[in-house]
Amino acid sequence: MIISKKAIPRRTMLRGIGSMFALPLLDSMIPALTAMASTPAKPVNRFGVFYVPNGMIMKEYLPVTEGAAFELTPTLSALAPFREQILVLSGLNSLPKGERSGGAHAKATTRFLTDVTPPNSETWLDAGISMDQILAQETGKHTQLASLELAIENGETAGACDTGFACPYTNTISWKSASTPLPTLNNPRVLFERLFGDSGSTNPTARMARLQQQKSVLDSVSLEVARLRGALPQSDRSKLTEYLDAIRGVERRIQIAEEQSDRELPVVTHPAGIPSNWEDHLKLMCDLQVLAYQCDLTRVITFMVGHEHSGMTYPQIGVSDAHHPISHHAHEADKIEKVAKINAYHVRMFAYFLDKLRSAPDGDGSLLDHMTMIYGAGIADSNDHSPINVPIVLAGGGAGNLKGGRHIKFKDVPLANLHLTLLDQFGVHENRIGDSTGRLAPRVLSLT
């Protein structure tokens, strides 16, 4: 048998006019000798955050039983298909006990990944570099984009969004430095073009001309695709076809959304509240994240389902009240029920995302196998704005480093300790982050 060492480079790019994108991992990218080696190459681990605002109805969210025998609560029930790949963590505090009160929402968002309390100022920005950006400094050496900061709601606001606190403290969870909050992107078309290119111009007129021509980025690289297919074995051709179909499907959905937007929403100020296609918007943003991970354009993504103080309404699940006002439920049963519905709905959207990750092949497993995801909020009980015992769920396989199927209880442990431990998983070792007091014991999360 003749064993060839030739293989398609892992960073192979398809190029066309105004377009360029990477490929997912194909068998042909693994040299024959490497594939036959007794020790396979270590899979790439990726990191994601799925942030939800305004806290939780904790009695509906938090499991009572510790360990592997825990029962999924009504809020978490949608995660049943992923039970063995989730870790429910309780007892983690986002704000040290006794620290000054006020600005609960600004602190919730800012501290979620920085573990630093922002100052009470509408103009002075001083947080800390967030753990996703610490990680991106390392993983960004290997990808086209160091990180992506995404959201559903628009973050283009200024002034004060929480009493006495500048808006960036509630509009993003990612900080490049203590004074540099990273703005979020919520437009699927702009995100798609950032990932895969556009007509070569950011001019709106040029972009619209391309849309009118119905020119796809895949059309622009058709010759490259044809050439590559001819050099691939049948197994890789199937993977490539599935990947390209996913990209074309996302393009088609974006174009349909834009056409509907042009037809149904003339140039007027958009009314407050949730647009009718909120769920489609969220799912599309999730699908784009899967594509970004799949072709290794980035390994770090943060995603805000809503801002703190979010006024989103959810009529599709029978909640027409704005989210933030009813989160101050004052123990009224009707409001508690509605907030619990929102909490469970957000988890269902997270389950959709996990299913997409699990369905995407990646090396010897799936993207979900090679992911470390944080689902959570910066506030625990929504009514009293408690930062103690914040809701945190870890999902994924952590490239073989996470053992799911458990509820782990801590006692008054800083959330920052989890961040330090997760960074270790990626080979990024920090002495301290924010108010951290140490690391979680490796055996707790089964990190190797």
Side-chain angles (χ1 to χ4, degrees), residues 47-53 55 87 89-121 124-139 147 149 162 165-166 168-182 184 300-304 307-308 372-380 385-394 408 410-426 428-441 444-445 447:
F47 179 74
V49 176
F50 201 100
Y51 182 87
V52 293
L87 279 167
L89 308 181
S90 60
L92 298 174
N93 301 337
S94 180
L95 189 68
K97 288 184 176 180
E99 190 163 317
R100 67 180 185 275
S101 59
H105 290 285
K107 292 176 182 178
T109 312
T110 303
R111 288 186 53 88
F112 192 70
L113 294 178
T114 69
D115 306 297
V116 172
T117 302
N120 191 334
S121 171
W124 175 34
L125 298 180
D126 185 16
I129 180 171
S130 52
M131 65 88 65
D132 62 302
Q133 291 305 300
I134 295 174
L135 178 58
Q137 290 176 356
E138 179 59 32
T139 61
S147 63
E149 295 73 45
D162 200 353
F165 290 83
Y169 292 128
T170 55
N171 288 348
T172 185
I173 56 176
S174 297
W175 288 71
K176 187 74 174 176
S177 70
S179 59
T180 310
L182 293 176
T184 56
V300 176
I301 304 178
T302 56
F303 182 44
M304 296 182 71
H307 298 148
E308 295 295 328
T372 301
M373 292 284 301
I374 297 178
Y375 179 95
I379 292 174
H385 294 120
S386 172
I388 306 303
N389 193 20
V390 293
I392 297 290
V393 176
L394 294 185
I408 302 174
F410 299 96
K411 184 176 180 180
D412 293 334
V413 172
L415 179 60
N417 289 13
L418 172 65
H419 294 155
L420 277 179
T421 308
L422 292 179
L423 285 174
D424 285 343
Q425 173 187 342
F426 287 85
V428 178
H429 307 293
E430 296 286 314
N431 292 327
R432 184 176 181 182
I433 300 177
D435 63 335
S436 63
T437 59
R439 288 166 164 78
L440 306 180
V444 172
L445 303 182
L447 300 181

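For the pair Thr139 and Val428, the minimum side-chain heavy-atom distance is 4.5 Å or more. Inter-residue side-chain proximity for Ile408 and Leu440 is flagged as unmet; no heavy-atom pair is nearer than 4.5 Å. Using a 4.5 Å cut-off on side-chain heavy atoms (C-beta onward), Leu125 and Tyr169 make contact. Residues Lys107 and Phe165 are in side-chain contact: their nearest non-hydrogen atoms beyond the backbone lie under 4.5 Å apart.
The two residues Thr170 and His307 come nearest to each other via the heavy atoms O-CB, 3.8 Å. Residue Thr109 comes nearest to Glu308 through the heavy atom pair OG1-CG, 2.8 Å, listed as atom of the first residue, atom of the second, then distance. In terms of heavy atoms, Ile388 sits closest to Ala380 at O-CB, 3.3 Å. Scanning both residues, Pro414 and Leu92, for their nearest heavy atoms gives O-CD2, 4.2 Å. Taking all atoms of both residues into account, the shortest heavy-atom contact from Asp132 to Ser130 is OD1-OG, 2.5 Å. The two residues Leu423 and Met131 make their nearest non-hydrogen contact at CD2-O, 3.8 Å.
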Audit row: Gln133, Ser147, side-chain contact (heavy atoms from CB on, under 4.5 Å) steps and yes/no: CA-CA 8 Å; Gln133 291 305 300; Ser147 63; 3.1 Å; yes

Given the rule in the side-chain contact (heavy atoms from CB on, under 4.5 Å) test, do Ile129 and Gln137 qualify, once you have shown the distances and angles that lead to the verdict? CA-CA 11 Å; Ile129 180 171; Gln137 290 176 356; 3.3 Å; yes

Could you give me the CA-CA distance, side-chain angles and deciding distance for Met304 and Ile173, then say whether side-chain contact (heavy atoms from CB on, under 4.5 Å) is met? CA-CA 8 Å; Met304 296 182 71; Ile173 56 176; 4.2 Å; yes

May I have the step-by-step check of ring-ring contact (aromatic ring centres under 6.0 Å, His included) for Trp175 and Phe112, ending in yes or no? CA-CA 11 Å; Trp175 288 71; Phe112 192 70; over 10 Å; no

What's the verdict on side-chain contact (heavy atoms from CB on, under 4.5 Å) for Leu394 and Leu418, showing C-alpha distance, side-chain angles and the deciding distance? CA-CA 10 Å; Leu394 294 185; Leu418 172 65; 4.2 Å; yes

Using the rule given for side-chain hydrogen bond (donor to acceptor under 3.5 Å, both in side chains), can you reason through Thr184 versus Asn171, listing the C-alpha separation, both sets of side-chain angles and the distance that settles it, and then say yes or no? CA-CA 8 Å; Thr184 56; Asn171 288 348; over 6 Å; no

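Thr372 and Gln425 share a donor-acceptor pair across their side chains, judged by distance under 3.5 Å alone.
Taken to the nearest 0.5 Å, the CD1 atom of Ile392 stands 10.5 Å off from the OH atom of Tyr375. For the atom pair CD1 (Ile134) and CG (Leu422), the distance works out to 12.0 Å, reported to the nearest 0.5 Å. With values rounded to the nearest 0.5 angstrom, Asp435 atom CG is found 9.0 Å from Asn93 atom CG. Rounding to the nearest 0.5 Å gives a distance of 8.5 Å between CG of Asn431 and CG of Leu420. Distance check, rounded to the nearest 0.5 Å: CG of Asp126 to OG of Ser179 gives 7.5 Å. Leu415 contributes atom CG, which lies 11.0 Å from atom CG of Asn389 (distance to the nearest 0.5 angstrom).
With respect to Thr302, the side chain to side chain contact (heavy atoms under 4.5 Å, CB included) criterion is satisfied by exactly one of Leu182, Thr172, Val49: Val49.
Phe47 and Phe426 have perpendicular rings, their planes meeting at more than 60° on a 0 to 90° scale where under 30° would count as parallel.
Ser436 contributes no side-chain N or O that, together with a main-chain N or O of Arg432, makes up a donor-acceptor pair within less than 3.5 Å. Distance alone, capped at 3.5 Å, places no donor-acceptor pair between the Asn417 side chain and the Arg439 backbone.
Take Glu138 and apply the salt bridge (Lys or Arg N to Asp or Glu O under 4.0 Å) test, not counting sequence neighbours, and it matches Lys141.
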